[in-house]
Every structure is written in structure tokens, then in C-alpha cells.
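Along the sequence shown, the residues carry numbers beginning at 1.
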Amino acid sequence: MRDMHRTGVAVVGGGPVGLLAALEIASRDVEVEVFDKDRRTVLHSYALALHPESLRILDELGLAGGLVGHGHPIRSLAFYAGGQRRAELDFARLGGKFPFLLVLPQSRLEAALEEALRARRVGVHWNHRVQDLAIGDEGVRLEVARLDQVTTGYPIARTEWVVTKTLHVEASYAVGADGYHSLVRRKLGIEASDVGPAQSFSVYELTAEGELPDEARVFLDPGGSGVYWPLGGGRCRFSFELPEEESQRLSEGRLRELIGRRAPWFSAEPREVYWSTAVRFERRLAERFAAARLYLAGDAVHLTGPLGAQSMNVGLREAVEVASRIVEALRARADAGQAEAYDAGRREEWKRLLGLEGAPWALPGADPWVADHRGRLLSAIPASGRDLEALLRQVGLTMGGDA
């Protein structure tokens with residue numbers, strides 16, 4: 001069964017970046033629809049850290065206040081080497097309405113974005129897989145498969161996903177925010193190349209008894225990096241970088257051994273590991289962020305390590321920029337270089353964030369340890385743009401090269 005309809009903008013991907021792009025577009029009174037191949041937003045909702053800039057963006061849409069009420073604000077971050085505290089960041093010094101990081105479940109963020117879209121009568125089509133697309137002079141044409149579960153097999157039943165309808169959607173513009181395996185990027189023939197070695201982490205979320213540090217802590221050791229996040233309510237998360245085969249060894253005993261060796265400053269007693277996983281993070285950058293009438297954002301075009309939570313948060317900024325450029329092009333009835341400007345700006349920033357244009361400069365008087373580790377510190381600071389420069393300067397570094 002086939003169907004066809006038109007929309008102003010089609011957003012592929014229903015994660016935070018795609019949902020925010022759709023909401024920003026809708027807030028400018030442009031018709032938009034979202035298509036995602038999964039059943040709903042994330043099924044397992046792990047905690048994520050929102051940068052101050054992300055909170056400012058969400059506040060402009062009236063969402064930040066509610067999210068802060070459901071999250072755990074973090075106002076400082078310290079860097080450790082072994083048991084020694086080497087540097088620290090004070091987010092309060094950034095000023096503004098949100099001088100902190102906010103840790104909260106990803107499902108909270110996605111639910112807030114989807115509710116705001118629902119209030120604007122924007123369709124979020126779950127179980128809709130974009131399986132082909134083509135760019136023309138007047139817009140983008142997408143072939144979308146609507147999926148449903150059916151039970152098959154006898155005498156042993158099994159559940160399978162089947163295509164129940166194929167839709168042909170014509171949109172003036174499209175946004176690809178469909179993550180690491182981005183079909184949109186691949187259909188455009190855009191390569192995403194490795195720009196550094198992949199990192200493997202063992203991740204544990206746990207409860208602990210005793211005094212939990214109420215600050216984020218990044219630990220940088222010769223054998224790898226790691227991060228501690230307080231989650232509130234006696235809960236916390238550890239991520240330990242390990243060789244890939246070792247990262248698969250997940251147990252409470254292994255957690256205790258890693259804390260004792262890599263985070264000796266943690267004095268609380270682990271009680272219950274309620275979630276753990278092994279995750280591999282690649283460092284990748286796409287060769288282009290846009291083509292005529294189609295923009296890419298988030299993990300579809302860049303990937304980096306987890307310490308600074310940069311990929312998703314910068315992706316939220318990209319969602320806002322994409323929305324602004326598409327609406328401007330629609331109103332002008334011509335692209336007028338919007339895609340080229342977006343592509344150039346995004347690639348320039350990500351070359352800096354990924355260290356492809358060198359490490360930050362050490363300012364006069366910088367601690368020797370900070371100067372020696374400035375490349376690793378860049379990816380471990382949870383900020384971007386002006387906030388990143390301000391925080392770098394707190395530890396004696398700069399991206400400006402004017403030391």
C-alpha cells in the first residue's frame with residue numbers, strides 16, 4: 001500500500017537533536033514532520049549531561065525550568081591524576097541563568113521535546129523507516145516504510161517487523177539527525193572518516209553509601225581516561241577507559257577493583273550496580289555537513305569520546321542553526337549559500353574540538369601538568385563555543401593561540 005503527501009521540512013531521527021530541530025522549525029511557523037525507525041524514544045534511558053549552552057537553548061523554548069526540576073545540577077568539575085587533584089573548573093564563574101551542568105535521564109529530555117511538539121501539532125512518526133531519498137531542484141523526496149510487528153511461526157511463535165505501508169514524502173528541506181549509522185548521510189554518499197583511535201569504556205551506574213563527591217571528576221592516567229558523574233539521591237556513574245577486551249568484563253568485583261586503582265579518592269561504599277555496559281566510542285568526522293536542501297546534525301556527522309559530552313550537546317546547537325538556516329532559505333525562496341555556510345562553520349568547529357588543528361595553547365603561568373595534558377583536556381571539558389574558551393582559561397589554556 002502506498003501513500004504520498006507534502007510537508008515543509010522532514011526530519012529523519014527522533015533523538016534529542018532531531019526533536020529539537022523539529023521544535024525550532026515549528027516555533028518559526030514552518031510545517032515539519034519527524035520520522036524515526038524505532039518504536040519510541042530511548043528504551044533504556046541512561047543519564048546525560050546538558051551543557052549550560054544547551055540549557056539556554058531549551059530555556060528559549062520554555063523547557064529548561066521543568067528539566068532542571070527533574071535533574072541534578074553540577075557546578076564544578078575536577079581533574080585527577082591518580083589520587084591527586086590537578087585542576088578544577090567552576091561553572092558558577094560562567095554567570096548567566098544556568099551556571100551549571102545538568103545531569104538527567106535522556107528520556108526526560110526527549111519526553112519534554114515530544115510534548116512540546118505535540119502541543120504544536122507536529123507529527124512524530126515512530127516505526128517509520130526512511131529507506132531512500134533523492135534531492136531535486138524543488139526539494140527532497142523520501143521513501144518511508146511504516147513498520148509493524150506481526151507474530152509468525154508454528155508451533156513456536158516469533159515476532160517480526162514487517163512493512164505495512166510505503167509513503168512517498170515530498171519536503172522542501174530535510175534534516176538528517178539519524179545517528180551513528182545515518183542512512184541519510186550514506187544515501188548522500190558522504191563519508192565519515194576516523195580521525196583518531198576508538199576508545200572502549202566500562203560504564204557502571206550504581207548506588208553507594210557514604211559521602212559522594214557532588215562534582216564531576218575526570219581522571220587522566222597513562223593507561224586511559226575516565227569520568228565520575230554524581231546523579232543525585234546516592235547514585236553515581238563511572239566510566240573507565242580500558243582495552244576493548246577488558247571493557248567487556250563487567251562485575252561488581254571488577255568495579256571495586258577499578259575504583260581502587262583509578263579513582264582512589266572515592267571513599268563511598270558501592271552498594272548496588274543497577275546498570276552496566278561496555279561501550280565503544282569512535283572519533284569520526286563527516287566530509288560534509290550539508291548538501292543542497294539537506295542538512296546533517298549530531299552523531300550523523302561527528303563522534304567523539306564521552307568525557308565532555310560534546311557530541312550530543314554541540315548537536316543541539318546544530319539543530320538550532322539548521323532550523324534558522326532552513327527557515328531563512330524558505331522565506332527568501334532561495335538557499336543563498338545557507339548550506340555552504342553551515343557546512344563550513346560546523347567543520348571548522350569540529351576540527352578544533354577533535355584536535356585536528358592542534359591542542360589548546362598554554363597561557364603563561366599554566367600548571368605544567370595542565371600544559372602537558374592540554375590535548376586530552378580539550379575533549380574532557382563539557383562545553384563548546386564561548387563557554388569552552390572561558391573554562392579553558394580557568395585552567396590556564398586558550399584556543400586563541402595568543403599566549
Side-chain angles (χ1 to χ4, degrees), residues 9-25 32-50 54 105-111 113-114 117 124-133 140 142 144-145 147 161 174-195 198-201 203 277-291 294-306 308-323 342 346-347 350 353-354:
V9 182
V11 176
V12 184
V17 174
L19 294 175
L20 179 61
L23 184 56
E24 288 281 350
I25 291 166
V32 60
E33 296 180 51
V34 181
F35 301 92
D36 193 285
K37 63 183 176 60
D38 292 324
R39 295 179 62 183
R40 296 297 293 173
T41 49
V42 291
L43 298 179
H44 177 81
S45 184
Y46 56 87
L48 53 79
L50 291 176
S54 298
Q106 182 172 333
S107 61
R108 285 284 186 186
L109 174 59
E110 293 182 344
L113 291 168
E114 189 176 3
L117 286 167
V124 180
H125 305 288
W126 303 109
N127 292 356
H128 281 68
R129 182 183 66 214
V130 173
Q131 50 192 26
D132 202 3
L133 60 88
V140 182
L142 301 93
V144 183
L147 308 175
W161 286 99
V175 178
D178 49 341
Y180 170 72
H181 295 292
S182 176
L183 179 140
V184 175
R185 175 176 54 75
R186 289 185 282 114
K187 285 292 182 180
L188 291 173
I190 297 175
E191 296 291 333
S193 302
D194 293 335
V195 295
Q199 296 173 288
S200 297
F201 287 80
V203 183
T277 190
V279 186
R280 187 173 188 266
F281 291 89
E282 297 184 6
R283 291 165 52 82
R284 306 183 78 190
L285 182 64
E287 61 187 9
R288 282 188 292 146
F289 276 56
L294 202 151
Y295 292 75
L296 297 165
D299 287 356
V301 272
H302 49 70
L303 292 168
T304 187
Q310 291 175 345
S311 195
M312 191 274 291
N313 280 276
V314 178
L316 295 179
R317 281 206 293 110
E318 292 164 356
V320 176
E321 183 178 352
V322 162
Y342 172 77
R346 295 294 80 236
R347 283 185 55 80
W350 274 103
L353 289 173
L354 290 165

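Arg284 is linked by a side-chain contact (heavy atoms from CB on, under 4.5 Å) to Tyr180, Ala192, Asp194, Glu282, Leu303, counting only residues two or more places apart in sequence or in another chain. Taking the salt bridge (Lys or Arg N to Asp or Glu O under 4.0 Å) definition, one finds that Glu287 meets it with nothing, sequence neighbours left out. A search for salt bridge (Lys or Arg N to Asp or Glu O under 4.0 Å) contacts involving Lys187 returns Asp132, not counting sequence neighbours. A search for side-chain hydrogen bond (donor to acceptor under 3.5 Å, both in side chains) contacts involving Gln310 returns nothing, not counting sequence neighbours. With sequence neighbours excluded, no residue forms a side-chain hydrogen bond (donor to acceptor under 3.5 Å, both in side chains) with Glu191. The side-chain contact (heavy atoms from CB on, under 4.5 Å) test applied to Arg129 returns Lys37, Gln131, Ala145, Leu147, Val163, not counting sequence neighbours. A search for side-chain contact (heavy atoms from CB on, under 4.5 Å) contacts involving Val195 returns Arg283, Leu285, Leu354, Leu356, not counting sequence neighbours. Qualifying side-chain hydrogen bond (donor to acceptor under 3.5 Å, both in side chains) partners for Ser311, counting only residues two or more places apart in sequence or in other chains: Asp299, His302. Partners of Ala300 under the side-chain contact (heavy atoms from CB on, under 4.5 Å) rule, at least two apart in sequence or in another chain, are Asp178, Ser182.
Aromatic rings from Phe281 and Phe201 are positioned such that their centres are separated by under 6.0 Å.
Residue pairs meeting the salt bridge (Lys or Arg N to Asp or Glu O under 4.0 Å) criterion with at least one member in residues 309-323, sequence neighbours excluded, are Arg317-Glu349, Glu318-Arg346, Glu321-Arg325, Glu321-Arg346. Residue pairs meeting the side chain to side chain donor-acceptor pair (under 3.5 Å) criterion with at least one partner in residues 11-23, sequence neighbours excluded, do not occur; the list is empty.
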